[in-house]
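Below is one structure, written out as structure tokens; the observations come after it.
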2 protein chains.
Amino acid sequence: MISAPQGTQSGTKTRILNAAEKFFGEKGFDGTSLRDITTEAQVNLAAVNYHFQSKETLMDAVIERRIAPVNQRRMEMLDAAGPSPTVEQVVEAFVSPLFVMDVLPAVPLIGRVLSNPSQFFERVYKKHLIQVVLRFSDAIAASLPGLPREERFWRLHFMAGSMTHVLALSGVLPLMSGQPVQRGAVLRQLVTFLSAGLRAPVLSPFSEDKK
Amino acid sequence: MISAPQGTQSGTKTRILNAAEKFFGEKGFDGTSLRDITTEAQVNLAAVNYHFQSKETLMDAVIERRIAPVNQRRMEMLDAAGPSPTVEQVVEAFVSPLFVMDVLPAVPLIGRVLSNPSQFFERVYKKHLIQVVLRFSDAIAASLPGLPREERFWRLHFMAGSMTHVLALSGVLPLMSGQPVQRGAVLRQLVTFLSAGLRAPVLSPFSEDKK
DNA sequence: GTACGATTGAAACGAACGTATGATCTCTGC
DNA sequence: GCAGAGATCATACGTTCGTTTCAATCGTAC
């Protein structure tokens, strides 16, 4: 059989993945029909169930294709920052891999999945995110030794929230800003904002009891 | 005809609204069927199209019922803070009205709507949020006179992102925190985080040219 | 108590959905 | 140039969807 190298070529599988990525991101999983996808991809309706087994596993494949490289890059950046990273380095490692060119078409979809509780959120979290969250929690602890565990937990998710919001609304926020948006500029402002938030004074007066 | 006062009573309309709020929040608009709703509400299927005209306008009614009081409270809190509010006062006015008891059942839905681009996001933004965003943009400007307009815009939306993320995942984040969550505690940590983020040093070196 | 508008009820409509089927086409190995 | 596996095709199946219909019921004014 010799399965074709599916990387960059425009075979049926890839065209389906691209179309699914577009529609799932724009209209959500339930709001998208397989006929939407196969029409856009210019493939036969049955091709989806032939190459992927079901609509659900198609969605899994769409997510998998983009999220794995993003998380790999995140880990690399954390590694490169060494054992005592600055807050900025940690934030940058978390956020910037989502602002690179090749992830761009998946940004609305990723934002959507990470913003909404669903079967997919749970799956993605268990398969791809648990390890990332733990690793970044440690990295934040290394960069902010005085921050109690509970505050670290919440601030990490506040950070994730700002990021996913920008991702999910990346199609509509620029229209609201009233001027052309440079991706790099938004990234820099996001890193600045989040770093300052992470560094906010510790709230709990009884601090550091948890190990 | 003398339409019944629909406020707190458990009439057909209210029961539909409550059930719709629950399912739309849990499974999204497209993921919820009218039969889901009418079964939960123990009303006839046709009641939805009789009292509301369509599934879409039902969603509008569900949102309207909760968002109007929230925004009213936000404005009141800004008014109470006077013409020179602190950053904390602005953030608190923006966030805390969503953490009160009566909005609680609508929190997942509000988070979902504000996290995803959709027909409803656009409608809600135009009808309920544009004025709020403008008002809060001014309030941030008053509390942080040195912040250029563009950075103000983005930081406001970073703030909205953290908030909607906590709202949308309010059903799942507490399970991840590993310990019981006090709503008030999360609110205080959110205000601390966001206030520090808003106060972050200004990035753009050419600052303040826009009026 | 009777008339009448407001509401509820059971049932059905056509449309769109995800998926399955079986025939046909394509391409490679020999 | 033929065999056969992999891929694509048109088409149909059974379900579920939002909405509509129309008769039955309710509640109030007279």
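Only heavy atoms go into these numbers, but all of them, side chains included; no hydrogens, no water, no symmetry mates. First the proteins, then the strands, lettered A, B, ... as listed; each starts at 1.
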Please report, rounded to the nearest Å, how far the [atom2] atom of [N] is from the [atom1] atom of [X].
X: L34(B); N: dC17(D); atom1: CG; atom2: P; value: 9 Å
X: D30(A); N: dC17(C); atom1: CG; atom2: P; value: 12 Å
X: N49(B); N: dA6(C); atom1: CG; atom2: P; value: 18 Å
X: F52(A); N: dA7(D); atom1: CZ; atom2: C1'; value: 14 Å
X: L45(A); N: dG22(C); atom1: CG; atom2: P; value: 17 Å
X: Q42(A); N: dT8(D); atom1: CD; atom2: P; value: 13 Å
X: K55(B); N: dT19(D); atom1: NZ; atom2: C1'; value: 12 Å
X: F24(B); N: dG18(D); atom1: CZ; atom2: C1'; value: 12 Å

Does a side chain donor of either S162(A) or S162(B) reach within less than 3.5 Å of an acceptor in the other side chain?
-> yes
Going by distance alone, is a donor N or O of one side chain under 3.5 Å from an acceptor N or O of the other, for R15(B) and N18(B)?
-> no
May I ask you to verify if any side-chain N or O of [X] is less than 4.0 angstrom from the OP1 or OP2 atom of [N]?
X: H51(B); N: dA6(C); result: no
X: T12(A); N: dT8(D); result: yes
X: N44(A); N: dA10(D); result: yes
X: S33(B); N: dC17(D); result: yes

What is the ring orientation for F136(B) with F94(B), classed by angle as parallel under 30°, tilted 30 to 60°, or perpendicular over 60°?
-> perpendicular
For the pair H165(A) and H157(B), name the ring-plane relationship: parallel under 30°, tilted 30 to 60°, perpendicular over 60°.
-> parallel
Should the pair K55(B) and F24(B) be classed as cation-pi, given the thresholds of under 6.0 Å to the six-membered ring centre and 45° from the axis?
-> no
Minimum-distance nucleotide (side-chain atoms of R35(B) versus dG18(D), dT7(C), dG9(C)) | dG18(D)
Counting side-chain heavy atoms from C-beta on, which of dG18(D), dA6(C), dT8(D) comes nearest to Y50(A)?
-> dT8(D)
Select base, sugar-phosphate, or nothing to describe what T32(B) touches, counting heavy atoms under 4.0 Å on all strands.
-> sugar-phosphate
Between A47(A) and D36(B), the residue closer to the 5' end of DNA chain D by nearest nucleotide is A47(A)
